[in-house]
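Scroll down for the structure; my scribbles are underneath it.
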Amino acid sequence: MIASGCTAGAERFGSYLKLATLATFLIPIVGFSAFAQENSVVSADSVAVATVAPVTSLVVEDYRYDDGENLALTWVPSIDDQPVGGKVVGYEIFQITDSGEPEKIADVLPGVSSFLATGLHAGASYRFYVTARAETSSAPSVISAALTPHREWINWGLWNLMLTALVVGGSVMFFIETARRGHELFVRKIAGLEAVDEAIGRATEMGRPILYIPGIQDMDDVQTLASLTILGRVAEHAATYDIRIRMPVSRSLVMTAARETIKAAYQAAGRPDAYNEDMVNYVTDEQFGYVAAVDGIMVRERPATVFLLGAFFAESLILAETGNSVGAIQIAGTARPAQLPFFIAACDFTLIGEELFAASAYLSGEPKSLGSLKGQDVGKGVAMVAIVLGVVAATLYALTGAAWLQAFGDWLVAMFTIAS
Amino acid sequence: MDHLGLWIAGFLTLGIYSFLYRDNPWYKLSESIFIGVSAGYWVVTEFWQNFVGKFWDQKGDDPWLWIGAVLGLMMLMRLFPKIGWISRWPLAFVVGATSGFWMMNYLTTNCMAQVQATIIPLLGLGYEASAVMIFSNIVLVVGTFCGVAYFFFSKAHTGVFGATARVGVWTIMVTFGAMFALTIMNRMSLLIGRTSFIFGEWLGLIR
């Protein structure tokens, strides 16, 4: 590979051969005969005075498990690259694309012996050389053989992630099928969800609207998706009992999805005529502009029930406190740990973390949702067993020093380690 | 002109703070200006950063961008009631793709990385750990295990399992207490920032 690289380099840079001849005179003087053989193809401007040894053993390999955009370079640093008294002040990395001209793509520090060339294209071929740079001179390495980066469709480095996904996904499918066949799947009671019907009933009795806040993130946040699922259930109840829903949103896409959700819920409740698009309205994407508007709605319309379900940030306490001040019963839920303390302090019921995601299954009782929840529980069960086994093995190993315990513990850790 | 801007900013800041007393016309005015200006700002930002920056300027380099453009156009079909149903397709695409993307993300960060970090020896290798470290390790392992037990929905919280889940929720609540205090400190900095603006930049009382 290196030989073919040298040949190609010689054809491309024939004019440099004269300088290579000069190098063969200079190198014995400094006593680097091995360097002389490898340095037969060099750049014109760098070997005028070759007083620094070049890097050797330049290897270019395809970077595994990428989209064909990267190549990995490794080399043995110049022998003049020493921490104390070394001549090398850095390395320059040159890239030759197809049959083009060399182009410097990076400078790296002395002591560095690897580099990842990025931003490449899967169809093109690339050659590289690394120039060792001293204060007054420089020396290029041989030019690597042409290499084309390849695209891999499956990242086998993440096999354990795939296994976990298959276990959880397979469990989900199994339980969905089980539920479809009419088997009853048990789900424990969730206090916050039990309160949903109570909160809707309160709005009915008081004749006041329900205010539904789905957080301030867009549809690419899973908490917003979970919130809209619960919205469907709430809207169905609201349609049945003829309660007005008020839903200001901060994202246009959420507005569209929420309108679809409420419309479908009203149709399911047999009240399509009662649906009104103005139930959901866009306010602004600006975080505190949205908060100002929602606070205004709360104090002017005085909703009987406030749902704060989704992704919240600094606005969580402002919204929850305002809702509390108008006497609304508040049901909140988010997976953002930093905001949960505020909801717990200021709201009547709070769905903590995954309870938000479990809500849809619990409320709807649909096979798909229940199967999904049960499948996730299988994943949690596996995690709990792994924690117990791993901790016991690691602790016993610390006490006894038994090698098999260490091997077992290491294997368990490897099972849950994600390759970078 | 700078002074005028400062006075407007100060007037609107106090207008928003007047909500602490009660809803009033000053707050309503400040709220309306805030919402209107921010919505307009976002329209301009979205147009130049997303449509122009991410699509129009790069449409020739990356043909995949046209798929996004077509989906965006389909979304706008909502403006025409007769063919409004077309907008459901890009919405379904966004929801489906997002779910798939986040599933891997959550499995990695919320599941596997947590389990890996919890597999530790309680006593420390070769009894080298200090008493504080051993206590810390036990809290970490027991807290994590019991916390996961709390979020296990397939079993009722009764008996031994219920006690385990209770320990889990206590651990969670203690954590929330610490986070509450930390976040309050961050929120105080927001208040100090606006107070500094009013008494410093605007009124010049703080130099």
Side-chain angles (χ1 to χ4, degrees), chain A residues 160-161 164-165 168 186-190 219-222 225 253 256-257 260 283-286 288-289 292-293 295-296 299-300 314 317 337-338 340-342 344-345 352-355 358 362 373-374 377 379-381 383-384 386-388 390-391 394-395 397-399 409 412-413 416-418, chain B residues 16 19 22-23 27-28 30-31 34-35 37-39 41-42 46 75 78 87-88 91 94-95 98-99 101-104 106-108 111-116 118-127 141 144-145 148-149 151-157 172-173 175-177 179-180 183 187 190:
Chain A
N160 51 352
L161 178 60
T164 308
V168 176
F186 172 80
V187 176
R188 74 165 169 84
K189 287 183 177 179
I190 301 171
M219 290 301 293
D220 59 352
D221 193 300
V222 70
L225 297 177
L253 213 53
T256 307
E260 292 288 341
V283 179
T284 172
D285 278 52
E286 163 63 33
F288 288 107
D295 278 355
V299 295
R300 284 161 216 151
L317 185 57
L340 277 166
F342 299 119
I344 289 170
I352 302 170
E354 205 190 342
E355 287 182 337
Y362 187 83
L373 187 63
K374 301 291 277 190
D377 274 359
K380 282 175 226 161
M384 290 165 77
I387 287 173
V388 170
V391 169
T395 305
Y397 168 68
L399 294 172
L412 264 181
V413 170
F416 291 94
T417 302
I418 300 296
Chain B
I16 291 292
F19 183 77
R22 59 183 294 181
D23 191 29
Y27 175 74
K28 286 178 183 170
S30 304
E31 174 197 328
F34 194 2
I35 295 167
V37 169
S38 63
Y41 171 80
W42 275 99
E46 292 287 318
M75 187 70 82
R78 171 159 287 277
S87 67
R88 291 181 182 177
L91 200 59
V94 170
V95 172
T98 300
S99 302
F101 175 77
W102 280 106
M103 181 186 170
M104 290 299 113
Y106 267 70
L107 272 179
T108 305
C111 175
M112 297 180 69
Q114 303 293 331
V115 174
Q116 186 225 347
T118 310
I119 298 178
I120 53 172
L122 291 180
L123 305 176
L125 281 176
Y127 291 109
V141 171
T144 305
F145 183 85
V148 176
F151 290 107
F152 198 80
F153 297 101
S154 296
K155 189 164 172 51
H157 285 177
I172 292 168
M173 290 304 155
T175 310
F176 285 163
M179 291 170 69
F180 189 97
T183 314
R187 301 298 156 78
L190 290 175

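Order of the sequence lines fixes the chain letters, A, B, ..., with proteins taken first and strands second; residue numbering starts at 1 for each chain.
- With a threshold of 4.5 angstrom between heavy atoms, Ser38(B) approaches chain A through its backbone and through its side chain.
- For Lys28(B), the parts lying near chain A are the backbone and the side chain together; criterion is any non-hydrogen pair under 4.5 Å.
- Interface residue Asp221(A): only backbone heavy atoms are found under 4.5 Å from chain B.
- Taking every heavy atom of both residues into account, Ala383(A) and Val115(B) meet most closely at CB-CG2, 3.7 Å.
- The contact between Leu161(A) and chain B is made by backbone and side chain atoms together, counting heavy-atom distances below 4.5 Å.
- Contact of the Asp23(B) side chain with the Arg300(A) side chain is registered, since non-hydrogen atoms from C-beta on lie closer than 4.5 Å.
- With sequence neighbours left out, Trp102(B) forms a ring-ring contact (aromatic ring centres under 6.0 Å, His included) with Tyr106(B).
- Considering only heavy atoms from C-beta on, Thr164(A) stays 4.5 Å or farther from Met104(B) through its side chain.
- For Ile352(A), the parts lying near chain B are the backbone and the side chain together; criterion is any non-hydrogen pair under 4.5 Å.
- Judged as a salt bridge (Lys or Arg N to Asp or Glu O under 4.0 Å), and not counting sequence neighbours, Glu286(A) has no contacts.
- Interface remark: Arg88(B) contributes side-chain atoms only to the contact with chain A (heavy atom separation under 4.5 Å).
- In this structure, no portion of Phe101(B) lies under 4.5 Å from any heavy atom of chain A.
- Atom-to-atom distance recorded for Leu340(A):CG and Met179(B):CE is 7.5 Å, nearest 0.5 angstrom.
- Ser99(B) OG to Leu225(A) CG: the interatomic distance, rounded to the nearest 0.5 Å, is 5.0 Å.
- The part of Ala113(B) that comes within reach of chain A is its backbone (N, CA, C, O), which places non-hydrogen atoms under 4.5 angstrom from that chain.
- Proximity to chain A (any heavy atom under 4.5 Å) is shown, for Thr175(B), by neither the backbone nor the side chain.
- Within the 4.5 Å cutoff, the side chain of Ile35(B) has heavy atoms near those of the Val283(A) side chain.
- Between Ile16(B) and Phe288(A), the closest side-chain pair of non-hydrogen atoms is not below 4.5 Å.
- Phe153(B) is listed as a side-chain neighbour of Ile190(A), based on a closest heavy-atom distance under 4.5 Å.
- Residues His157(B) and Arg188(A) have side chains in contact (heavy-atom distance under 4.5 Å, counting atoms from C-beta outward).
- Heavy atoms of Glu354(A) lying under 4.5 Å from chain B belong to its backbone as well as its side chain.
- Residues Asp295(A) and Tyr27(B) are in side-chain contact: their nearest non-hydrogen atoms beyond the backbone lie under 4.5 Å apart.
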